[in-house]
Amino acid sequence: MDYHFSEIEKKWQQRWREDKTYSASNDSKDPKYYVLDMFPYPSGAGLHVGHPLGYIASDIYARFKRHKGFNVLHPMGYDAFGLPAEQYAIQTGQHPAITTEQNIARYREQLDKIGFSFDWDRQVKTCDPEYYRWTQWIFIQLFDSWYDRSQDQARPIKDLIEYFEKNGSQGIRAACSEVMDFSAEEWNAMDEIRQSEVLLNYRLAYRSESMVNWCPELGTVLANDEVKDGVSERGGYPVVQKKMMQWSLRISAYAQRLLDGLERIDWTESLKESQRNWIGRSEGASIHFAIKDHDDQIEVFSTRPDTIFGATFMVLAPEHELVRAITTPEQRDSVEKYIDQTSRRSERDRMADTKTVTGVFTGAYAKHPFSGKDIPIWIADYVLAGYGTGAVMAVPGHDSRDHAFAQNFGLPIVEVVAGGNVQEEAFEAKEGEMVNSDFLNGMQVKEAIAETIRRMEEMGIGTGRINYRLRDAVFGRQRYWGEPIPIWYDGKGIPHPVKEENLPVILPEVDKYLPTEDGEPPLARAVDWNYNGFERETTTMPGWAGSSWYFLRYMDPHNEKEFVSRKAEEYWKNVDLYIGGSEHATGHLLYARFWQKFFFDRGWVTMDEPFQKLINQGMIQGMSAFAHRKKGSNTFISYHLVGDQETTPIHVDVSMVHNDQLDLEAFKAWREEFGKAEFITDNGVVHVSREVEKMSKSKFNVVTPDAVIEEHGADALRMYEMFLGPIEQSKPWNTQGLSGVTGFLRKFWRLSHREGDFIVSDEVPNEKELKALHTCIKKVNEDMKNFSFNTSVSAFMICTNELTDLKCNKRSIIEPLVILLSPFAPHMAEELWEKLGHLDSVTRQPYPTHEEKHLVESTKNYPVSFNGKVRFQIALPADMGKEDVEASVMADERTAKYLDGKQIRKVIVVPGRIVNIVIG
RNA sequence: GCGGAUGUGGUGAAAUUGGUAGACACGCCAGACUUAGGAUCUGGUGCCGAAAGGUGUGUGGGUUCGAGUCCCUCCAUCCGCACCA
């Protein structure tokens with residue numbers, strides 16, 4: 001009986017489904033282990049071989065953990081809200097729910113063929129009302145919470161209201177959009193509208209007029225992480241800055257905790273660094289500058305308060321709120337012109353052009369807090385409204401941007417830290433001696449920073465301050481296909497959350513998936529869609545809303561009372577191993593951590609970090625193939641014969657290429673224009689050239705898992721994807737290498753088969769066989785710790801080759817190997833396990849562990865290297881020559897026995913310590 | 001510019017705490033078998049050399065009896081952030 005993978009795989013996939021082999025119990029006495037994949041967005045293109053890479057790795061690990069006696073949670077679901085389905089809906093009129101369901105069905109079909117051990121009873125879909133009712137519920141909780149900095153946690157908004165009623169804003173330390181100052185009397189005297197406005201300043205989900213990234217093409221706003229290089233991440237459309245009334249989440253309140261939490265989790269350094277970068281903590285001081293002949297002050301943030309005596313001018317962002325107030329009548333025209341100019345520039349233009357120095361003098365002067373000198377105030381677009389206070393004290397001597405600006409406009413440059421030539425170039429080093437700085441003179445930079453802050457605090461004009469780059473996350477989207485934000489507005493325009501018993505707020509039907517004629521979001525088209533007659537919020541949540549908490553829902557997916565029960569959460573806690581792409585570094589992975597911390601603060605979960613260990617799987621790239629067509633003809637030249645001739649490379653479908661040779665018949669049939677193509681062949685074949693590119697339909701280099709499974713089986717696909725290299729690495733898909741693992745699987749199968757029949761012997765294994773087995777067991781167990789699945793596959797191959805040479809079909813060798821192999825090739829393992837006479841699934845068998853005695857029995861103290869060659873390390877006198885060493889080794893009884901007639905290949909004598917003897 | 005990561009055969013890659021560099025696999029070469037196949041099996045395969053031998057982990061240096069591994073310098077590639085004050 002040969003190895004017929006298709007029958008075997010079908011049989012076991014069906015058996016697993018019927019027996020619910022992989023369902024995880026919430027009432028288990030076993031220790032838990034939670035293995036999670038980043039759930040996919042079900043796109044219309046289906047899966048290619050790159051997508052399952054991470055799923056296969058996590059599946060192997062989940063299966064391994066089950067063998068180890070853990071109760072494993074290994075779920076899968078769909079991140080189903082998103083732009084592509086909606087764009088498709090706009091074009092075709094097809095409801096996105098329908099397209100999404102079709103795509104999910106296709107994904108499921110593809111996933112099922114690979115033999116994953118997912119617990120499908122726990123599947124979640126973010127677009128399912130039973131799921132998004134809880135996404136909406138979470139939004140309401142955020143709306144009903146504020147962040148108390150003195151306790152460093154989120155608290156219910158009613159606590160804050162009580163506080164205001166008794167004390168006003170006195171002594172409150174809360175995360176807010178702007179610092180407010182009012183007494184209890186003032187609070188109590190405020191009308192409902194005003195109180196609502198004040199509270200929005202503190203809520204974790206709030207509505208405010210703010211600068212947003214507006215994408216006209218998509219007709220919606222985008223969060224900072226959804227904008228890459230000034231264009232939208234999805235679609236690549238231009239993005240401009242615009243002031244809009246917008247729902248946002250106060251993630252900035254959690255900046256420090258998001259930073260601190262990174263220390264306690266096991267993620268790659270580069271990913272943590274991305275998040276640190278994104279959060280962008282910087283230490284410095286906030287300084288207030290008085291304005292000449294004006295009541296307002298300008299607050300700036302500086303990381304170099306020590307250089308304050310070098311501040312020779314100030315710069316405000318063109319959008320700064322004080323600009324118009326301080327501009328003198330003489331300067332009004334040029335300032336207005338400049339503001340108008342910069343507001344027209346798109347984000348992209350502004351980023352592309354960082355060399356040109358532009359700016360305008362406002363005519364106003366600030367007063368230097370120490371020297372009392374007048375400092376001119378300018379506006380320039382190199383100062384960003386969104387960072388710090390939108391204003392800087394310019395120190396041209398020690399900041400290169402200020403330097404360029406000063407040079408361009410002929411402003412004075414003063415040296416305050418010795419060590420450079422500041423007239424030539426800004427001296428930016430954060431060390432050196434202070435000069436020209438009054439009371440700071442002679443100090444080192446570090447001391448000077450501390451002293452400046454001390455003096456400023458004393459004088460009440462400034463204070464030490466930590467600033468973060470992290471901005472609040474814009475949460476509303478002017479789109480259809482997302483969770484409706486569960487808010488309604490009363491007659492006064494005050495926002496209220498929808499009552500819990502009225503959730504979910506179901507996404508209404510609309511006639512078109514486009515904004516209304518007067519620019520309202522698509523939901524405004526819905527007829528009779530109101531809340532007890534009141535107006536509803538018509539924006540929807542962004543794509544990342546549903547994915548920020550889905551890992552919790554898997555713990556308790558059918559709970560109708562809570563988003564996750566206390567009991568389920570206390571058992572599963574958080575994700576032990578999370579596998580997914582690094583492209584979510586500053587999006588999903590940051591938002592999910594934020595929400596988890598919020599849940600933790602409110603006491604709904606017990607862990608404040610959601611993902612303990614995270615592995616980023618690499619991308620699998622496509623291996624595009626090109627046929628070379630001679631310029632201006634329909635003649636294709638075999639790649640090796642092209643030489644100097646001018647040819648156009650044309651993408652050809654990789655399925656028509658084998659061993660770099662083009663299947664000419666298939667090629668002619670591919671497209672009409674090639675039907676009459678002529679070929680210049682190389683002994684009858686036409687070679688193609690190859691190039692590594694992103695796997696995509698338009699490059700005709702997509703390989704689907706279905707095609708590979710059809711031809712070689714799911715176990716071969718699983719093993720090959722692992723064998724391709726370390727999971728973290730990106731690598732091109734190369735179909736040729738598949739023959740290596742298919743050959744291995746057949747060989748492994750044949751170990752227990754003689755002339756087609758299943759035959760295993762009950763003989764006692766000999767030392768060589770035991771050693772082959774245990775070397776493999778040892779290697780695979782070690783690799784599991786490091787997630788080096790690629791070398792595990794090698795270990796299986798080596799072991800199988802050795803046992804084939806030894807003609808070993810002994811039960812006591814094969815049985816543990818089948819268990820050892822089962823996470824990798826589960827279908828074959830189950831089949832062999834059944835043939836070995838076992839009635840239960842191989843899944844829960846104890847995983848074989850390495851027994852030292854089998855490995856070293858014959859060599860006692862001699863370490864054995866992995867690749868089967870042996871190295872001895874024996875203490876010997878230092879002055880012994882090579883011949884004497886050999887003689888001594890041969891004289892040793894154990895060594896002689898082990899050598900067993902083999903030749904000593906090399907002797908390395910290390911004076912005074914050890915000797916390495918290599919035999920081979 | 002700042003930060004992170006990675007550099008090993010024709011290719012994907014191995015190499016426990018520093019101890020035979022290139023395991024395993026692809027590809028290639030030679031051979032066997034055969035109903036001529038994208039099948040199977042055997043042997044070979046870092047580079048130079050007929051061989052002996054030499055040489056070799058991006059570059060240059062250092063530590064060490066011994067370095068792919070540790071330290072320093074430079075170079076290249078990839079990723080993240082970026083007028084962030």
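To find a chain, count down the sequence lines: A is the first, B the second, and so on, and within it residues start at 1.
Comparing the P positions of B:U6 and B:C26 gives an interatomic distance of 28 Å, to the nearest angstrom. Taking atom P on both B:G46 and B:U57, the two are 16 Å apart, rounded to the nearest angstrom. B:A67 and B:C81 have their P atoms separated by 41 Å, with the value rounded to a whole Å. Taking the C1' atoms as reference points, B:A23 lies 5 Å from B:A14, given to the whole Å. Rounded to whole Å, the separation between the C1' atoms of B:G19 and B:G4 comes to 32 Å. The C1' atoms of B:C2 and B:G18 are separated by 33 Å, rounded to the nearest whole Å. Separating the P atom of B:A76 from that of B:A15 is a span of 29 Å, rounded to the nearest Å. Separation of the P atoms belonging to B:U64 and B:G27 is 47 Å when rounded to the nearest angstrom.
Contact annotation: A:Arg471 side-chain N/O to B:C84 OP1/OP2 distance is not under 4.0 Å. Contact annotation: A:Arg746 side-chain N/O to B:U40 OP1/OP2 distance is under 4.0 Å. A sub-4.0 Å separation between OP1 or OP2 of B:A5 and a side-chain N or O of A:Gln729 is absent. Between A:Arg469 and B:A82, a side-chain N or O to OP1/OP2 separation shorter than 4.0 Å is present. Considering only side-chain N and O atoms, A:Asn801 lies under 4.0 angstrom from the phosphate OP1 or OP2 of B:A25. Side-chain N/O atoms of A:Asn790 include none lying less than 4.0 angstrom from OP1 or OP2 on B:G12.
Side chain A:Glu711 to base B:G38: a donor-acceptor pair is found below 3.5 Å.
Of the candidate nucleotides B:A14, B:A25, B:C41, B:A25 has the atom lying nearest to any side-chain atom of A:Phe723. In the set B:A85, B:A15, B:A25, the nucleotide with an atom closest to the side chain of A:Met797 is B:A25. The side chain of A:Lys747 lies closest to B:C41 when the candidates are B:A14, B:C81, B:C41.
Along RNA chain B, the nucleotide closest to A:Ser730 and the one closest to A:Phe301 are compared, and the more 5′ of them pairs with A:Ser730.
To the nearest angstrom, C1' of B:C24 lies 14 Å from CG of A:Leu724. A:Lys779 has its NZ atom 9 Å from the P atom of B:A14, to the nearest Å. In this structure, CG of A:Leu738 is placed 11 Å from P of B:C26, rounded to the nearest angstrom. In this structure, CG of A:Asp402 is placed 19 Å from P of B:G1, rounded to the nearest angstrom. If you take OH of A:Tyr382 and P of B:C83, they are 14 Å apart, rounded to a whole angstrom. The CG atom of A:Leu271 sits 14 Å away from the C1' atom of B:G3 (whole-angstrom rounding). Between the CD atom of A:Glu710 and the C1' atom of B:G38 there is a distance of 17 Å, given to the nearest Å. Distance NZ (A:Lys430) to P (B:G1): 20 Å, rounded to an integer number of Å.
Between A:Arg276 and A:Glu263 a salt bridge is recorded (basic side-chain N to carboxylate O distance below 4.0 Å). The pair A:Arg465-A:Glu299 counts as a salt bridge, with a side-chain nitrogen and a carboxylate oxygen less than 4.0 angstrom apart.
With a cut-off of 3.5 Å on both pairing distances, the Watson-Crick or G-U wobble partner of B:G1 is B:C81.
Interatomic distance, CD of A:Gln729 versus CD1 of A:Ile620, reported as 12.0 Å (0.5 Å rounding).
Ring-centre distance between A:Phe744 and A:Trp749: not below the 6.0 Å cut-off.
Residue contacts shown for A:Ser582 are absent, as no nucleic acid heavy atom lies under 4.0 Å away.
Under the salt bridge (Lys or Arg N to Asp or Glu O under 4.0 Å) criterion, A:Arg469 pairs with no residue at all, not counting sequence neighbours.
In this structure, B:G58 is classed as anti because its glycosidic torsion departs from zero by more than 90°.
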